[in-house]
S.K.: 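Following this message is one structure expressed as structure tokens.
Just so it is clear, the structure is predicted and the values come from calculations on it, not from any experiment. Each chain gets a letter, A, B and so on, in the order its sequence line appears, and its residues count up from 1.
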Number of protein chains: 2
Amino acid sequence: MFRYIESHHNPIIKATIALKQKKHRLLKQCFLLEGERLCQEALNSNIAVLSVFIEESLLNEFRPLLAGLTDVNVYIVNNKIMEKICSTESPQGIAIVAETPSYNPEEFLEPNRFYLLLDSISDPGNMGTIVRTAWALGADGILLYGDCVEPYSPKVVRSSMGGVFNIPIIAVDAHYIDELKKTDFQIYCSDSNATKSYEGFDFSGSIVIAFGSEAHGLSLEIKQICSDSFFIPMIASADSLNVAIASGIIMSKVWSQRR
Amino acid sequence: MFRYIESHHNPIIKATIALKQKKHRLLKQCFLLEGERLCQEALNSNIAVLSVFIEESLLNEFRPLLAGLTDVNVYIVNNKIMEKICSTESPQGIAIVAETPSYNPEEFLEPNRFYLLLDSISDPGNMGTIVRTAWALGADGILLYGDCVEPYSPKVVRSSMGGVFNIPIIAVDAHYIDELKKTDFQIYCSDSNATKSYEGFDFSGSIVIAFGSEAHGLSLEIKQICSDSFFIPMIASADSLNVAIASGIIMSKVWSQRR
């Protein structure tokens, strides 16, 4: 079951390191994750784990994680190779290659779901935090529109704390959103000029809530298709919240109303 | 009013660059901030701006910001010096040295206030986001306990989006918290084992809400002095929220109840 690899010229190692780059992740439909907690979360989730890499000196420590694994390649490597595979400064000695989950966009159209629509969210920390929160607060999925950061990049995966394994995420275009609008879905957004506070807003039914980038807000296309909007009350001198915070506040309200 | 400085060996420039280091910020009781938006926010706030640095090619663009300024040194510098002063990769051509605000801890003890207590929050992005949210959602101040990141470090100042100029922040010790407890203040915390959800929790009166670090949670000392706790409902398989998100959700509820 275990295989030792000693050279970073080994083609398996080279292909794994290549997954740090977006183009290789898209080409292979695989992504990399690292660290004990994240790897455990991946192994407990439904995503398809293809390979596990363990630093040789830590094999006994991580052996319990491997119990019951089948059809998974386990590679034992030295710390130099582990450092090359990992993106963090102090790798924890375990990394995984998993298949990028793929979801059927048709299934997103089922009624009575609550989705987030993220419009060109480019900061990986914000994206990861939003995914983590959406998972914890029971959102049914995330739609990515425009120029969003790739959700399976190492930094997003890390800051999502495993959220990316547990909540469906799909990229959508204007056509898809048009189709969504033809169903029962209502699309709402946060807007500082709205007349209703989120506090009394009705978040029942089939809904999508859109959030735009911090730099540019929502794009015109998305703004135009929203059927209603709400504001988040703030003191007058402050002009905005971080997008992860704003979406967290809204998701907590939606979760309060719907669960 | 303007003074040109052409060498980065100039003692004013050297002293300014030194403020990137914590020990010099603490010694001089000054801090550095950069970028148009943040500098404008600082000039509009009550903090004492000591010096403004402007890149020579952008003087005309930034001149309106300087209107009405008195007792402030304005230094015109070249882009090499600006790069040395700034911490971001693409400096926007304006930076400020301001006095670190100092607040009287006695004044924090006035009744009917709402404070956050942050216990060893070490991530600058989280700290900055929490400060930004606390400002926007009407908290009266922030108490820092244990090993928190310094709130006037460049990254915290940046991610607070000007929050650090606008909300009082003080470092406190166990003795101070004991004194606080002898007044009318109630100290609450978030605890996944609590019996009450935050949704129906009574956040009126003189209150302090404590949040611990993501890695270690609340320290025992702080946990022990809390008179009550609440939980944030989540789906069963998710175990936690980012601390900035959790505090944002709670602050939005407190703000709903108190304003």
S.K.: Could you report the tightest heavy-atom contact between A/Pro233 and B/Trp255, atom names first, then the distance?
M.R.: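 Scanning both residues, the minimum pair turns out to be O-NE1, 3.0 Å.
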
S.K.: Are more than 12 heavy atoms from other residues, nucleotides or ligands located less than 6.0 Å from atom NZ of B/Lys223?
M.R.: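 No, the 6.0 Å shell around NZ holds no more than 12 heavy atoms from other groups.
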
S.K.: Is the shortest side-chain heavy-atom distance between A/Leu137 and B/Ile249 below 4.5 Å?
M.R.: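 Of all side-chain heavy-atom pairs linking B/Ile249 with A/Leu137, at least one is under 4.5 Å.
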
S.K.: A/Ala136 and B/Ala238: which non-hydrogen atoms are nearest, and at how many Å?
M.R.: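 So the minimum-distance heavy-atom pair works out to CA-CB, 3.6 Å.
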
S.K.: About how many Å separate CG of B/Asn126 and CG of A/Asn242, when rounded to the nearest 0.5 Å?
M.R.: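 Output value for this atom pair is 10.0 Å.
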
S.K.: Of the backbone (N, CA, C, O) and the side chain (C-beta and beyond), which part of A/Ser240 lies under 4.5 Å from a heavy atom of chain B, both, or neither?
M.R.: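 It is both, since atoms from each part get that close.
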
S.K.: Measure distances from A/Trp135 to the heavy atoms of chain B and classify the residue's part below 4.5 Å as side chain, backbone, both or neither.
M.R.: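 Both backbone and side chain.
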
S.K.: Identify, with sequence neighbours excluded, every residue that meets side-chain hydrogen bond (donor to acceptor under 3.5 Å, both in side chains) alongside A/Glu89.
M.R.: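 Result, side-chain hydrogen bond (donor to acceptor under 3.5 Å, both in side chains) vs A/Glu89: none returned.
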
S.K.: Can B/Glu214 and A/Arg37 be counted as an ion pair, charged N to O under 4.0 angstrom?
M.R.: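 Looking at A/Arg37 together with B/Glu214, the answer is no, because their closest N to O distance does not fall below 4.0 Å.
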
S.K.: Most heavy-atom pairs under 4.5 angstrom with chain A, which of B/Ile232, B/Ile235, B/Thr129?
M.R.: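 It is B/Ile235.
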
S.K.: Out of A/Gly138, A/Ser252, A/Gly248, return the one with the most heavy atom pairs under 4.5 angstrom to chain B.
M.R.: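 That would be A/Ser252.
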
S.K.: Count the heavy atoms belonging to other residues, nucleotides or ligands that lie under 6.0 Å from CG of A/Asn104, then report whether that count exceeds 12.
M.R.: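 Above 12, so yes.
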
S.K.: Working to the nearest 0.5 Å, report the span between OG of B/Ser237 and CZ of A/Phe165.
M.R.: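 Separation between the atoms: 13.0 Å.
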
S.K.: Using non-hydrogen atoms only, which part of A/Ser159 is less than 4.5 Å away from chain B: side chain, backbone, both, or neither?
M.R.: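 Neither; nothing under 4.5 Å.
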
S.K.: Determine the option with the most heavy-atom pairs under 4.5 angstrom with chain A, choosing from B/Met161, B/Arg259, B/Glu199, B/Arg132.
M.R.: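 Result: the option with the highest number of such pairs is B/Arg132.
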
S.K.: A side-chain contact here means heavy atoms from C-beta on lying under 4.5 Å apart; do B/Leu241 and A/Thr133 qualify?
M.R.: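 Sidechains of A/Thr133 and B/Leu241: in contact.
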
